[in-house]
Amino acid sequence: MGGNSPCASCKLLRRRCAKECIFAPYFPPEDPHKFAIVHKVFGASNVGKMLQDLPVHQRADAVSSLVYEANARVRDPVYGCVGAISYLQHQVSQLQMQLAVAQAEMLCIQMQQQDSPPSSLVLQKELVDDQKSFLLQNGFGGNFAPQVLNNVNLFPSGNVVFTPQEQSLKRESLWT
Amino acid sequence: MFTSSNSVEGSSSRRCAGCKHLRRRCTEDCILAPYFPANNPERFECVHKIFGAGNVARMLKMLPVDERAQAANSLFTEAYWRVKEPVYGSTGVVIRIQQEISAIRCELAKTLAQISMYEAHNAPRASATAATPLLQQLDTLGTQENMFLFDPNNPFNFS
């Protein structure tokens, strides 16, 4: 808190750190880089307004997420945090595909252990092998849409500006 | 390619959304104009509320021209999520996807373990199992995902 030592934000902004300084609880003087990066991306004034609009018990989490996003933006000035989301969603797709292959393999093993007439068993196994082959060739798990993202539109509506090269990126979007 | 909607004389009907909001003349070389058209004022207002026009202009200026459109889009997406979820913003989306990844990895590990069990039971002397290559990929994926792990106690965790 204010006290003898100004918080990191007041130190950077070269102002008196008041007792009720909104930044002080979240930007201690021992970690100047934390406020510096948030200030660089969002601006102190905007961060202050965002924190003021939140109940006190949610401000620490808000600061953590702002630091995370600011760091992402500094590391990747073009895509920022959105780049991380894109990468992680690609990982979801890869894992879903692998899960689908594993589950198909499991089904195959279970059918082999069933006590069925040989001809129908062979037909069932061929169908499952075909399904596995299809999944591997198409690189997607098919029916296993991410539950958490089913109702989430990750790209907000509104005019999104694309250059001609990015039209292909838009078609290949991984957003649900 | 989106065309600029700026104007030389500053006629209000031809100013970009940024200059209209900031009540200033929109010049021919306005950095905001190509990415914040006048017919979508909410897009600029959202970005201005979270990042500030000055920061947006500065960030766009630092980039090569062919990357600015994508940067403006990602800034808008982040601003949109921050307005929608004031506490976590787009970080909330990262957290939810990480939880999804965790759930799928659990399910995958369980299934691979079952496959290994069946194969061990049925062919104990088999040297390679179907699960082994998939298990190896699972380990590799885990390492890559940790690059973007959000830890509220260490929000700087970007390797």
Side-chain angles (χ1 to χ4, degrees), chain A residues 34 40-43 45-46 50 53-54 58 60-62 64-69 71-73 75 77-85 87-89 91-92 94-96 98-99 101-103 105-106 109-110 112-113 144 146-149 152 154-156 158-166, chain B residues 1-2 34-35 37 39-40 42-43 49-52 54-55 59 62-63 66-67 69-78 80 86-94 96-101 104-105 107-108 111-112 114-115 118-119 130-131 134 137-138 141 144-145 148 150 152 155-156 158:
Chain A
K34 187 176 173 185
K40 182 176 182 177
V41 175
F42 295 99
S45 168
N46 291 328
M50 284 189 253
D53 288 344
L54 290 171
Q58 290 182 325
D61 280 352
S64 293
S65 66
L66 287 169
V67 170
Y68 180 88
E69 286 175 31
N71 203 32
R73 182 58 60 175
R75 282 177 172 263
V78 179
Y79 293 99
C81 193
V82 174
I85 292 173
Y87 176 84
L88 289 171
Q89 192 151 17
Q91 296 307 309
V92 168
Q94 276 196 295
L95 281 168
Q96 285 170 342
Q98 296 192 1
L99 180 61
V101 169
Q103 288 176 334
E105 180 72 26
M106 186 71 191
I109 291 171
Q110 285 171 341
Q112 281 175 347
Q113 292 188 339
F144 307 99
Q147 295 303 311
V148 72
L149 296 172
V152 170
L154 286 169
F155 265 146
N159 287 1
V160 177
V161 180
F162 286 97
T163 59
Q165 298 88 328
E166 285 150 348
Chain B
M1 182 78 165
F2 189 82
Y35 318 109
N39 61 356
N40 191 1
E42 294 83 13
R43 178 177 156 95
K49 181 176 180 177
I50 302 302
F51 293 100
N55 284 333
M59 286 191 265
M62 278 169 41
L63 294 170
D66 59 343
E67 288 180 344
Q70 201 54 261
N73 289 341
S74 68
L75 285 167
F76 171 53
T77 302
E78 284 188 37
Y80 169 85
V87 180
Y88 292 104
S90 54
T91 306
V93 179
V94 170
R96 288 196 288 276
I97 299 178
Q98 285 173 341
Q99 289 169 346
E100 183 76 25
I101 287 174
I104 299 172
R105 284 169 58 84
E107 190 61 33
L108 182 58
T111 307
L112 293 175
Q114 284 174 335
I115 291 172
Y118 273 114
E119 291 188 340
L134 285 174
Q137 289 181 44
L138 191 65
L141 271 177
Q144 292 168 345
E145 287 148 27
F148 298 111
F150 173 70
F156 283 105
F158 268 91

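Below, read A as the first sequence line, B as the second, and so on, with proteins coming before strands; counting in each chain starts at 1.
Closest approach of A102(A) to L108(B), counting heavy atoms only: CB-CD1, 3.9 Å. Contact between Q70(B) and Y79(A) at its shortest, heavy atoms only, is CG-CE2, 3.0 Å. Annotation for Y88(B) and E69(A): closest pair O-OE2, 3.3 Å, computed over non-hydrogen atoms. I50(B) approaches M50(A) most closely through the heavy-atom pair O-CE, 3.7 Å. Closest of all the heavy-atom pairs between I104(B) and L95(A) is CG2-CB, 3.6 Å.
One distance of note links CZ of R96(B) with CG of L88(A); it measures 13.0 Å at 0.5 Å rounding. Rounding to the nearest 0.5 Å places OG1 of T111(B) at 7.5 Å from CE of M106(A). Atoms CD and CZ, on Q91(A) and R105(B) in that order, are 9.5 Å from each other to the nearest 0.5 Å. We find the NZ-CE distance between K40(A) and M59(B) to be 10.0 Å, quoted to the nearest 0.5 Å.
Between the side chain of E78(B) and the backbone N or O of C81(A), at least one donor-acceptor pair lies under 3.5 Å.
Contact of the P77(A) side chain with the E67(B) side chain is not registered, since no non-hydrogen atoms from C-beta on lie closer than 4.5 Å. Counting only heavy atoms from C-beta outward, the side chains of Q114(B) and I109(A) never approach each other to under 4.5 Å. Within the 4.5 Å cutoff, the side chain of E119(B) has heavy atoms near those of the E105(A) side chain. Counting heavy atoms from C-beta outward, D53(A) and P86(B) have side chains that stay 4.5 Å or more apart.
Heavy atoms of L63(B) lying under 4.5 Å from chain A belong exclusively to its side chain.
For the options G52(B), G54(B), A71(B), G92(B), heavy-atom pairs under 4.5 Å to chain A are most numerous at A71(B).
Here N46(A) pairs with nothing under the side chain to side chain donor-acceptor pair (under 3.5 Å) rule; sequence neighbours left out.
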